Amino acid sequence: MYALLRRFAGVTNLGCPIRTYASLTPRDVLRSSDETGTLLTRFAKHIALERYRDSDHVLPKTTVRYSDFFPITDDRYFQRTVEKTDAAQLPALIIQASSYRSNAAVPMYVTALNTLDNHAAKQLDKMDTATVLETLYSFLFLIPSWIKRLDFYQAAMQRLVREDFRGNKERFVQVCFYMGLQKKQAKSSEEFQQLLEEHLQTHLPELNEMDLAVVSNAAYKTSTLVTGEAKTAYEARLVNAILNLEINTGSDALLVSFVKALRLQQVKDERVCQHLQDICLDPVKITHIEPRGLAHIFAFFAEQLWDQNECLTVVVKRLMTLLKPGDLRSKDLATFLWASAQLNCALTPEEIRQLELTALRKLDHGEYEYFPDNLVDTCLSLCTLGHYSKDLINAAEELKAAQKRQRAQPKVDSRLIVLRSAVAIEQPSIAKVKTERAFKEFDGAPAYLLKDRPDLTKYAQELSGDADVEGVDVVCPIVGINLPSLRVQTMGAQESVYFVELLTAEQTLKFSKKPTSLIRLKKRLLESLGRKVVVLNSTEMATNAKELRQLLEPAANAGEESKVAQGVGN
């Protein structure tokens, strides 16, 4: 059974003689909405057309009559009548149930849904593939928001994912669509990945724009990476789809679907960045993109380290104007703040305060209760932007402490450690960790961090050869920030200690050449502790102690670049 908790609904399940748990309850129907997202509606219409384009999709003439089943006066009689219905007639009967809903009492309507679900699941073995797909579409038409709760849906997915669709593009696209409704489930993602590995390479040349959007959206929703032989061709199709898409009302959803798929595949392509930048800088085209879609584009820029100032200014201004608190999910807010921090966006104190208040409202409404990871990410991004919110930080600590008893989240726990270190160093009055526990000057960098950093070890050897250098150590001085630094101790009249950050391409923003957010935070924390920090790109290597000192002189003359705002947010 798909649902872990099913309430009694008075319908037998798969032939079981006793009353047992049902797929849907009256509460489900009462709290659900017939309205679905515009993209889902668009995909559903496309799937309807795919059914009719499929030459193998032949169904018998409809023989069931509405009056033989509805209205329901006796639920047991209705159940017996449904059980006598041939499997091939079930899709028509399910469609007819949509006319019954407006006149039915909710409990009786739920009885009808569960009876139809129950019988369809039992008849699955007697259905051919065309009937299975038609039955799925009928349920999608009837209850789009709740189809994945049905026993028939779960059983049908288990069957369809094992079938061979290499000779039928239309059926492949339909199965991808239905698989995408399951979202992030480990087992379904593995099955979907296998389906794509077996069939995508064959069908990719035949996929039109909408087909590709359906497949890529399903992959994104289920977090399914496209690997194997189809990977390169699939990514190239996504890039070309973005570059060739005409931006107008309605096309933004397809654009964002392709962008999200590229984000999942971690594709780096400057042509896409430039194209998206052109859209954002066009006063007409940018109005066609919905706020959440623009937020995904903003996140894509952050992942590509694309910090073109004019573009970011337009994007941030529009998002801050359009995204009202009610429009933002906690995940959206965390992503927006992370992208702002990563790209070093110059948010004003008023804008940061506005975002903090949005997070506080979500906290009051309980939106972080089951998603403390979003709250931790929000706090860390605010911290990176130079702002600390005592209430948000305390709530993040409490929620994570409670969640540890339920499940482990190593990545989120590591971000929380970074947040604790930052608070301990810059806001010790609200810290639960002492400063000396957050700063470990001589903690050596573990070997696994140096595996892909031959540049760092080679540079350490070069500096060690300078007569004025007493010693060079590869360290991780801020607890939780697992990015290695060089601790360089010099001798002579100007004896000193320097922490050197040697940036890789992945740690350098494209246009400003500034470090990414975590490096900038690390630098700021070290400077808050009174330490000297030198940040180097590969083009400006300092080969001796004298050059290290000279690199710090401009910053010293100009004053400290990074100062954390005094005081703590509410």
Side-chain angles (χ1 to χ4, degrees), residues 37-40 42-43 180 183-184 209 212-226 234-235 237-282 285-308 311-343 345 355 358 371 373-374 377-378 381 517:
T38 54
L39 189 60
L40 177 61
R42 224 169 145 186
F43 285 163
K183 296 193 176 180
K184 297 178 181 179
E209 183 179 80
L212 183 64
V214 169
V215 174
S216 61
N217 183 71
Y220 177 80
K221 291 292 186 184
T222 56
S223 296
T224 304
L225 281 171
V226 174
Y234 170 68
E235 292 172 354
R237 280 294 308 273
L238 290 174
V239 169
N240 290 331
I242 291 174
L243 298 179
N244 297 323
L245 186 65
E246 290 292 330
I247 302 301
N248 49 49
T249 303
S251 67
D252 66 303
L254 298 185
L255 175 71
V256 173
S257 290
F258 297 138
V259 169
K260 290 191 292 187
L262 282 184
R263 291 183 61 198
L264 178 66
Q265 293 290 128
Q266 297 183 339
V267 174
K268 303 287 185 182
D269 196 302
E270 290 191 359
R271 293 174 300 165
V272 175
C273 292
Q274 185 62 57
H275 183 69
L276 293 175
Q277 176 179 301
D278 292 342
I279 293 172
C280 293
L281 292 178
D282 188 311
K285 289 181 179 179
I286 196 172
T287 60
H288 292 304
I289 302 178
E290 293 292 328
R292 284 189 183 177
L294 191 58
H296 277 289
I297 292 174
F298 187 34
F300 181 77
F301 284 145
E303 290 165 348
Q304 306 281 319
L305 307 179
W306 189 270
D307 64 328
Q308 206 277 346
C311 177
L312 295 186
T313 300
V314 170
V315 171
V316 170
K317 181 179 179 181
R318 184 165 179 81
L319 285 174
M320 291 297 298
T321 302
L322 296 180
L323 284 180
K324 304 297 187 290
D327 297 332
L328 280 172
R329 300 170 300 178
S330 60
K331 181 180 180 181
D332 297 327
L333 178 61
T335 301
F336 175 79
L337 281 167
W338 168 78
S340 299
Q342 178 76 327
L343 295 172
C345 294
L355 293 167
T358 300
F371 304 100
D373 53 321
N374 292 332
D377 290 344
T378 295
S381 295
S517 57

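Please read these numbers as outputs of a predicted model, since none were measured by experiment. Values below: all heavy atoms of this structure, side chains included; hydrogens, waters and symmetry mates excluded.
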Taking the side chain as every heavy atom from C-beta outward, state whether F298 and L312 have any atom pair closer than 4.5 Å.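 Yes, side chains in contact.
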How many angstroms lie between OG in S216 and CZ in R237, if you round to the nearest 0.5 Å?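 S216 OG to R237 CZ: 10.0 Å, rounded to 0.5 Å.
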For G180 and K221, work out which heavy atoms get closest and say how close.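 Minimum heavy-atom contact is O-CB, 3.5 Å.
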I need the D252 CG to I286 CD1 distance, nearest 0.5 Å.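 Answer for the CG-CD1 pair, D252 versus I286, is 11.5 Å.
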Return yes when atom NZ of K268 has more than 12 non-hydrogen atoms of other residues, nucleotides or ligands closer than 6.0 Å, and no otherwise.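 Count over threshold, so yes.
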Contact check, side chains of W306 and Q274, non-hydrogen atoms, under 4.5 Å: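 Side-chain contact under 4.5 Å: yes.
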Shortest non-hydrogen contact from A253 toward L39: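 Closest pair (atom of A253, atom of L39, distance): CB-CD1, 3.7 Å.
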If you define the side chain from C-beta out and look only at heavy atoms, does anything of V272 sit under 4.5 Å from F300?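 Result yes, sub-4.5 Å side-chain heavy-atom pair found.
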Shortest non-hydrogen separation from Q342 to A302 and the atoms involved: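 It is CG-O, 3.7 Å.
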If I take atom CE from residue M320 and atom SG from residue C345, how far apart are they, to the nearest 0.5 angstrom?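 Reported to 0.5 Å precision, the distance equals 11.0 Å.
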Sequence neighbours excluded, which residues qualify as side chain to side chain contact (heavy atoms under 4.5 Å, CB included) partners of N244?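 Expected list: N240.
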Considering all heavy atoms of both residues, which atom of R271 and which atom of V239 are nearest to each other, and what is their separation?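 Minimum heavy-atom separation between R271 and V239: NH2-CG1, 3.5 Å.
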Do any N or O atoms from the side chain of S251 and from the backbone of E246 form a donor-acceptor pair under 3.5 angstrom?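 Pair found, side chain donor or acceptor close to backbone of E246.
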Return the minimal non-hydrogen interatomic distance between S257 and N217, and the atom names on each side.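 Smallest heavy-atom distance, with atoms named: OG-OD1, 4.1 Å.
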Please confirm whether the backbone N or O of V259 pairs with a side-chain atom of H296, one donor and one acceptor, at under 3.5 Å?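 Such a contact is absent between H296 side chain and V259 backbone.
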Nearest heavy atoms of E209 and F258, plus distance in Å: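 Closest approach of E209 to F258, heavy atoms only: O-CZ, 3.7 Å.
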Starting at CG of D282, measure out to SG of C280 and round the result to the nearest 0.5 Å.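 It comes to 10.0 Å.
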In the structure I gave you, are the side-chain heavy atoms of I242 and L262 within less than 4.5 Å of one another anywhere?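 Heavy-atom side-chain distance check passes, below 4.5 Å.
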Give the intermediate values and the outcome of side chain to side chain contact (heavy atoms under 4.5 Å, CB included) for residues L276 and L255. CA-CA 10 Å; L276 293 175; L255 175 71; 4.1 Å; yes
Mind checking whether F336 and S340 have side chains closer than 4.5 Å, heavy atoms only?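 Contact flag for F336/S340 side chains = yes.
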Test side chain to side chain contact (heavy atoms under 4.5 Å, CB included) on R318 and T287 and set out the steps. CA-CA 9 Å; R318 184 165 179 81; T287 60; 4.1 Å; yes
Within this structure, what is the OG1-CZ distance for the pair T335 and R329, rounded to the nearest 0.5 Å?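 That separation rounds to 8.0 Å.
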Kindly determine whether I289 and I279 satisfy side chain to side chain contact (heavy atoms under 4.5 Å, CB included), including the steps that lead there. CA-CA 9 Å; I289 302 178; I279 293 172; 3.6 Å; yes
In Å, rounded to the nearest 0.5 Å, how long is the span from CG of D377 to OG of S330?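 Reported value, rounded in 0.5 Å steps: 10.0 Å.
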Quick one: which of L333, L355, L337 gives a side chain to side chain contact (heavy atoms under 4.5 Å, CB included) with S381?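 Checked L333, L355, L337 against S381; only one passes side chain to side chain contact (heavy atoms under 4.5 Å, CB included): L337.
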Among residues at least two apart in sequence or on other chains, which ones pass side chain to side chain contact (heavy atoms under 4.5 Å, CB included) with Q265?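 With neighbours one apart ignored, the set is L225, V226, K231, Y234, E235, V267.
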